[in-house]
Trainee: 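I have a structure here, written as structure tokens, and I will follow up with some questions on it.
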Amino acid sequence: MEDSATLAADPAMALKRAQQGKSYWRRVWERLREDKVTLAVIAVLGMLLIMVVFAPWFTIHDPYAGSVLRRLKPVGTPGHWLGTDEVGRDLWSRMLYGGRLSLLAGVAPVFLALLIGGFLGILAGYAGGLLNSAVMRLTDVLYAFPSILLAIAITGILGAGLQNTILALTISFIPPIIRISESVTTQVRHLDFVEAARASGARRLTIMRYHILSNVLGPILVYATSLISICIILAAGLSFLGLGVTPPSAEWGLMLNNLRQGIWASPLVAALPGVMIFITSMCFNLMSDGLRQAMDVRL
Amino acid sequence: MSQVLANLPRATEPVVSVEDLHVRFLLREATVAAINGVSFDLEAGQVLGILGESGSGKSVTLRSLMRLLPPARTRTEGRIRIAGHEITAMDETALRHVRGAKVAMIFQEPMVALDPVFTIGVQIAETIVRHEGISYSAANQRALELLEMVQIPSAARRLKSYPHEMSGGMRQRAMIALALSCRPTVLLADEPTTALDVTVQIQIILLLRQLQQELGMAVIFVTHDVGVAIEVADRIAVMYAGRFVEVGPTEKVIDTPAHPYTAALLTSTVLGSTFGRRLEAIPGTPPDLRALPAGCSFAPRCRHAQDRCRVHMPPEAVLAPGRITRCVRVADGELDLGSPNLSERSIAKP
């Protein structure tokens, strides 16, 4: 950090640096290194990930072991520094274990939707014509429902559970990703360099893989990252409504729902899962902003 | 046109030979007749300048030479031969080996014609590897030589630059390097100087001229700028509503224009010393290509138009070897080329 700051401050060095040819990803990395907010946010997310994955190392309490005697202890109780929930389970360990499901339910649907929606969208945008109409009209049908309603409808039919939550959220995120990738691809396809590539004898597949994909992937990836925060909230919302993860599993949305009943007894404890949802989705949002800035070569 | 040149003693087969090219675009509501019978031959080492206003079919002519027009909406008729290849009869695979290798193209906007996410070096090397199958490092070396050839300063560094890091002139040089990467026999230039500053324009023109002579390429240079056409072209073809209305050696066409449109174009352009001469706009607008008039397409705007002009399009009339026009007055010998049309319109000189 220090090093890059001094580099940027010295104009001669900055010029020299600008003149050196660098690979695209190297540049992205260098820009990211100078963006302190994004770095901090990535650090927070990284920390969160480590704590969630290695949850047993960070807590001595079983997240599922309750005790009638210890119900709804406030924050700062000896032995349970974040307090306990309505059946006396340690909140700190439930937060850690709950993060596993919440992050999984937040990231997996976006990732799956990115694969499916990105593929369909780019294909539709590049092929145009009938295929485009078919894919886009299908998207319109799914678009007719707000994504939360669509997710509720799907989990309502399939039943609650983590798998069905992920499936439902994947389906509701496919349309926006298709639409973004289709419009970006259509834009790029009509730019002169695609015709120039044709004029230099490139085959269609080469043009698609090489020129279209590399111009389109950045914006789609950034958009998908911004969906993660929404997805975490939606997943939490589904659990809150009883359509997502089922009790006694620890999941932030579900915890929020259960603790709601104790909100008068210990408001701070009841708010904690919500705070975690907020921090995580905020971090993903800020990270997608940072990525957008770093990945645009023209800035 | 082709029959005219057939009468001339020729040492070599023309590298580009176009016979009666027609291009129509099928739109939902109408059919646009973009090219309506263009024929020409171009020999190696020659520069043909296609001059015309926007929508006259210049760029469409170029693109149809490489079959770059969208096949679903385009109907092309006629015969195109380039460097021994029957372009109109080829399949896509064969065509790919011609594009970029035998025929290359320079585009108007170097900013959008270069891929923004790849360095110049990568883009040039990619084309070389594609056509010649040599190693990437050898292609990189060639790319460096090419950048030096188009006189880009500190070429080794620029090889690793992205298009947005270069100025307009430098980008156009890079575009030229990219087009020349496989030493094409024919270079198609689609208004390569239009998007550039005037000072940069002349540099690019001189560079193109120099490279064309060094490499002995045939060049088709499309422009709407009479000054640029004079600077680069050995022969000029004036295009109007999808037809060549006049073709001839550059000086002849400029000094003694035979077609009223050429004459009008010249009087409406700032060219050389214009002091004391009035610039005149051509009255009217170009014809609607969706519904061309039956007769000469310039007749509605022509000051010499007669009734017979409106009956059918005048055929190509030969004025002199290699000099053709589509005007009834010339065909009838009404026009005396000794007295340039230009003087008819000039007002008293000081």
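Residue numbers start from 1 in every chain, and the chains themselves are labelled A, B, ... in the order their sequence lines are given, proteins ahead of strands.
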Trainee: Below 4.5 Å from any heavy atom of chain A, which atoms of Val98(B) appear? Answer side chain, backbone, both or neither.
Mentor: neither
Trainee: Tell me which of these, Leu68(B), Leu114(B), Thr127(B), Leu159(B), has more heavy-atom pairs under 4.5 Å with chain A than the rest.
Mentor: Leu68(B)
Trainee: Any side-chain donor paired with an acceptor under 3.5 Å for Gln293(A) and Asp35(A)?
Mentor: no
Trainee: In terms of heavy-atom contacts, does CZ of Phe119(A) have more than 12 from other residues, nucleotides or ligands at under 6.0 Å?
Mentor: no
Trainee: Got a salt bridge between Arg158(B) and Glu165(B), using NZ or NE/NH1/NH2 to carboxylate O under 4.0 Å?
Mentor: no
Trainee: For His97(B), is it the side chain, the backbone, both or neither that has a heavy atom under 4.5 Å from a heavy atom of chain A?
Mentor: neither
Trainee: What part of Ala202(A) is in contact with chain B, defined as an atom under 4.5 angstrom from a non-hydrogen atom: side chain, backbone, both or neither?
Mentor: both
Trainee: Atom OH of residue position Tyr143(A) - does it have more than 12 heavy atoms of other residues, nucleotides or ligands inside 6.0 Å?
Mentor: yes
Trainee: Report which part of Gln108(B) has an atom under 4.5 Å of a heavy atom belonging to chain A: side chain, backbone, both, or neither.
Mentor: neither
Trainee: May I ask you to name which of His131(B), Met105(B), Arg130(B) has the most heavy-atom pairs under 4.5 Å with chain A?
Mentor: Arg130(B)
Trainee: Sequence neighbours excluded and cut-off under 3.5 Å, please list the side-chain donor-acceptor pairs for residues 177-185 of chain B, or say none.
Mentor:
residue	atom	partner	partner atom	Å
Ser181(B)	OG	Leu178(B)	O	2.7

